Amino acid sequence: MSAVPAHGLQRLFFALWPDDELRAALAAAAGTLRRACGGRAVPSRNLHMTLAFLGNVPAARLPELQAIAAGLAAQSFVLTLNRIGWWRAQRLVWAGTERCPHDLEALAVALAGRLQAGGFRTEERRFVPHVTLLRDAGRAPEPATLQSLAWRPAQFVLVRSVPAARSVNYRILSKWPLRAMSAGL
Ligand code: ATP
Ligand code: MG
């Protein structure tokens, strides 16, 4: 038992959540990569892109997070997943992009800024958009193993991470729309 009671704390993060079609394509890529790199594929239902990681937050502060997210008015974008990355030290293989859309970077930066201003602790490192595909991967992927996938997220979400027996379960708590790109511009 922990000396500090975890009662009332929730492990939270903001994320982009793939739709079923993109999820299936990413899961297929993970399966292929696993044969080359080893490790464990992230379960299909868990595939996501973290925008801001909060860690443990008292449940009583959820309304503050909701207000921050609701106040963002973020623009939608097209994210082209066309790159496989490998973080050797973390043994992670991930899907990312050669070019982060401006509006995705702006969303992550705005979220981090408002969270920090609101007294929440967030990741200090620069935002690197990625969807983790493999954990505990011991070998580097071939550079060209991801067929380009276009992602047009309609919303971003607040997620609660709940440890499970051999994995982790994610529960989407709330969703906020990304504003559609203006037609004709
Ligand atoms: P597990 O930790 O059980 O193996 P997980 O890493 O998927 O599973 P969490 O640790 O709850 O689950 O993390 C949720 C999301 O936040 C993941 O995308 C994870 O990569 C990211 N994340 C976790 N810790 C940090 C951190 N310190 N900084 C930035 N992102 C983080
Ligand atoms: Mg983790």
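Atoms within each ligand, like the ligands themselves, are counted from 1 in listed order. All values reported here derive from a predicted model rather than from experimental measurement. The first residue in the sequence is number 1, and the count goes up from there.
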Are Val93 and Leu22 joined in one hydrophobic group, where the rule is that I, L, V, M, F, W and Y side chains link up if heavy atoms are under 4.5 Å apart? yes
Backbone N/O of Leu158 and side chain of Ser174: donor-acceptor pair under 3.5 Å: no
shortest atom 6 (O) of ligand 1-to-protein heavy-atom contact is with Arg135 NH2, 2.9 Å
Please state whether the rings of Phe14 and Phe156 are parallel, tilted or perpendicular, taking 30° and 60° as the class boundaries. tilted
Of the choices Gln90, Glu124, Arg11, which has the non-hydrogen atom that lies closest to atom 10 (O) of ligand 1? Arg11
So, the side chain of Arg179 versus the backbone of Ala73: is there a donor-acceptor pair under 3.5 Å, distance only? yes
May I ask which of Thr50, Thr132, Val128 has a heavy atom nearer to atom 19 (C) of ligand 1 than the others do? Thr50
Suppose I only count heavy atoms of Ser161 and a 4.0 Å limit; which atoms of ligand 1 are within that range? 9 (P), 11 (O), 12 (O)
Establish whether atom 2 (O) of ligand 1 and some protein heavy atom are separated by less than 4.0 angstrom. no
Exercise: do Asn169 and Arg45 side chains pair donor with acceptor under 3.5 Å: yes
Report, as yes or no, whether the 6.0 Å neighbourhood of atom CD on Glu105 holds more than 12 heavy atoms from other residues, nucleotides or ligands. yes
Judged by heavy atoms only, the candidate from Phe14, Tyr170, Phe53 nearest atom 21 (C) of ligand 1 is Phe53
Return yes when His48 approaches ligand 1 closer than 4.0 angstrom through a heavy atom, no otherwise. yes
Under 4.0 Å from atom 28 (N) of ligand 1, is there any protein heavy atom? yes
